[in-house]
Amino acid sequence: MSEAKIIDGKKAALALREKLAQHIARYDKKPELAVILAGNDEASLIYDRNKQKAAQEAGMKCEIFHLPETVSQEELLSLIERLNADDNVNGMIVQLPLPEHISQAEVLKHIKPEKDVDGFCPVNAGLLLANSSEAIAAATPKGIMHLLKSVFPDLSGKTAVVIGRSNIVGKPLASLLLNSNCTVTVVHSKTRDIEAETRRADIVIAACGCPKMVKASWIKEGAVLIDVGINRIDGKLCGDIDFDDVKHKASYVTPVPGGVGPMTVAMLLENTFEAFLKQNNLKK
Ligand code: NDP
């Protein structure tokens, strides 16, 4: 079989961001995103600065609220309440993980669902499960759906296996696939025979954080593979799929880096723009 085609997430994300910038340029008022970061985790700081840069390039306003590691839950919740009440702020994200003394569930519960552009709060998770058009879908799964639709404009009837069941990737992704009429299996660390599941699938999405776990022997000929994992081996980035091993068996595969990662930021901006339109009763 010939080599798998690359699904270029970097290119797709750039196209989305350019289109977004053109839309935003038409409005006098600009969408505004607030990013809350508690603590000094270096990787989180880099992620948030990248989000800010991307938002500004698209013509949005974006402020990072950088709080000390020692910030109390009450202080964090009062910042969220302030941003909830500020009509100029259309979207809000809280960088995870939070310092250990703060309850993530409690914090996410306080973000106004209409401003929850990460789609992590329980209201949006529930709306997504109910296949409601009101749901704000989590950015990474939404980006994955965009990439999949570039391969399969109609996903109806496809068999998809999602490896991983986290609240931010695996579960919302399973809902989106189901809402697109896929037959979905979610596997996790307690699944008895993952390979038996993945070998039957038209689409395999790996989101487990296990470097190069998915091998050619795990997939069927011509499968479409999406790699969400971000891992490092000897300092070098790699995904959850063994790219070199699967590339002669899969039909399409996303690279790491340059696959799902760039789509996450693009979808976060899209969610913010859509929240801005809704909150201001504007049409695209
Ligand atoms: P979590 O650690 O929250 O969840 C990992 C999931 O994978 C869990 O459900 C876990 O199962 C499952 N899992 C772990 N080991 C195995 C195994 N050996 N076999 C099968 N399942 C396993 O991770 P996230 O969902 O937050 O992230 C997953 C990966 O995606 C990470 O590498 C992360 O860095 C990356 N990521 C990338 C993003 C991007 O933009 N590209 C965005 C978000 C995450 P169990 O529930 O049983 O413990």
Side-chain angles (χ1 to χ4, degrees), residues 6-14 16-17 35 41-44 46-51 53-55 93-98 100 104-105 108 117-120 125 128 137-148 160-177 184-199 201 204-215 217-219 225-233 235-243 253-271:
I6 301 293
I7 308 176
D8 190 340
K10 204 171 163 189
K11 198 166 149 194
L14 201 64
L16 279 167
R17 285 165 54 184
V35 178
D41 179 62
E42 199 54 43
S44 297
I46 294 170
Y47 285 145
D48 287 345
R49 290 213 180 107
N50 285 343
K51 286 171 194 162
K53 187 165 167 273
I93 60 174
V94 177
Q95 182 65 48
L96 304 177
L98 286 163
E100 270 176 19
Q104 183 175 305
L108 294 179
V117 288
D118 252 343
F120 294 165
L128 187 66
T140 302
K142 195 174 169 184
I144 293 168
M145 294 304 288
H146 186 93
L147 295 179
L148 279 175
V161 170
V162 180
I163 309 176
R165 57 174 165 177
S166 73
N167 288 340
I168 63 168
V169 187
K171 282 185 207 158
L173 180 61
S175 291
L176 286 169
L177 289 163
V184 187
T185 305
V186 181
V187 299
H188 45 80
S189 70
K190 307 289 184 290
T191 302
R192 275 200 215 124
D193 189 355
I194 294 181
E195 296 170 48
E197 304 298 335
T198 53
R199 270 198 289 268
V204 176
I205 298 147
C208 51
C210 303
K212 299 189 181 185
M213 185 174 83
V214 178
K215 306 287 181 195
S217 61
W218 288 39
I219 60 164
L225 308 181
I226 305 283
D227 196 345
V228 189
I230 304 176
N231 313 292
R232 279 184 194 276
I233 296 183
K236 200 166 168 253
L237 268 187
C238 71
D240 292 342
I241 294 176
D242 189 336
F243 185 90
V253 60
T254 59
V256 176
V260 173
M263 292 301 289
T264 299
V265 176
M267 289 300 160
L268 172 69
L269 301 184
E270 189 171 285
N271 280 349

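Atoms within a ligand are numbered from 1 in the order they appear, just like the ligands themselves. Each residue takes its place number in the sequence, starting with 1.
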| field | Test item: protein heavy atom less than 4.0 Å from atom 19 (N) of ligand 1 | value | yes
| task | Out of Asp240, Ile168, Leu96, indicate the one that has the non-hydrogen atom closest to atom 26 (O) of ligand 1. | result | Ile168
| Are Lys212 and Phe243 side-chain neighbours, meaning at least one heavy-atom pair lies under 4.5 Å? | no
| query | Which residue owns the protein heavy atom closest to atom 25 (O) of ligand 1, what's the atom, and how far is it? | reply | Ser166 OG, 2.5 Å
| Gap between atom CG of Asp240 and atom SG of Cys210 - 0.5 Å precision | 6.0 Å
| remark: For Lys51, the salt bridge (Lys or Arg N to Asp or Glu O under 4.0 Å) test, sequence neighbours excluded, returns Asp48
| field | Shortest heavy-atom approach to atom 8 (C) of ligand 1 - which of Lys190, Arg165, Met213, His188 | value | Arg165
| query | Which residue and non-hydrogen atom of the protein lie closest to atom 6 (C) of ligand 1, and at what distance in Å? | reply | Gly164 CA, 3.6 Å
| Interatomic spacing from CD1 in Ile194 to OG1 in Thr198 - rounded to 0.5 Å | 7.5 Å
| field | Ile194: numbered ligand 1 atoms lying under 4.0 Å from its heavy atoms | value | 19 (N), 20 (C)
| Between Val187 and ligand 1, does any nitrogen or oxygen pair lie at a separation below 3.5 Å? | no
| Reported SG-to-CZ distance for the pair Cys238 and Arg232, which is rounded to 0.5 angstrom | 9.5 Å
| query | Quick one: side-chain hydrogen bond (donor to acceptor under 3.5 Å, both in side chains) partners of Lys171, sequence neighbours excluded? | reply | Asn167
| field | Residue part near ligand 1, for Thr191, under 4.0 Å between non-hydrogen atoms | value | neither
| query | Of all the atoms in ligand 1, which lie at a distance below 4.0 Å from a heavy atom belonging to Cys210? | reply | 15 (N), 16 (C), 17 (C), 18 (N)
| query | Near Gly261, which atoms of ligand 1 are under 4.0 Å from a heavy atom of that residue? | reply | 40 (O), 41 (N)
| remark: Of Cys208, Gly143, Pro172, the residue with the heavy atom nearest atom 5 (C) of ligand 1 is Cys208
| said: For atom 43 (C) of ligand 1, which of the options Thr264, Ile226, Val169 provides the nearest non-hydrogen atom? | reply: Val169
| query | Which residue holds the protein heavy atom closest to atom 29 (C) of ligand 1, what is that atom called, and what is the gap in Å? | reply | Gly209 N, 3.7 Å
| What is the distance from atom CG of Asp41 to atom OH of Tyr47, rounded to the nearest 0.5 Å? | 9.0 Å
| note | protein heavy-atom neighbour closest to atom 33 (C) of ligand 1 works out as Ile230 N, 4.2 Å
| said: Would you compute the distance between atom CG of Leu237 and atom CG of Asn231 and round it to the nearest 0.5 angstrom? | reply: 8.5 Å
| So, is Ser189 polar-close to ligand 1, with some N/O to N/O distance under 3.5 Å? | yes
| said: How long is the straight-line distance from CD of Glu270 back to CG of Leu16, given to the nearest 0.5 Å? | reply: 6.0 Å
| Given Asn167, Thr140, Val228, which has its nearest heavy atom closest to atom 37 (C) of ligand 1? | Val228
| message | Checking side-chain contact (heavy atoms from CB on, under 4.5 Å) between Ile205 and each of Val260, Ile241, Leu148, which is the one that passes? | response | Leu148
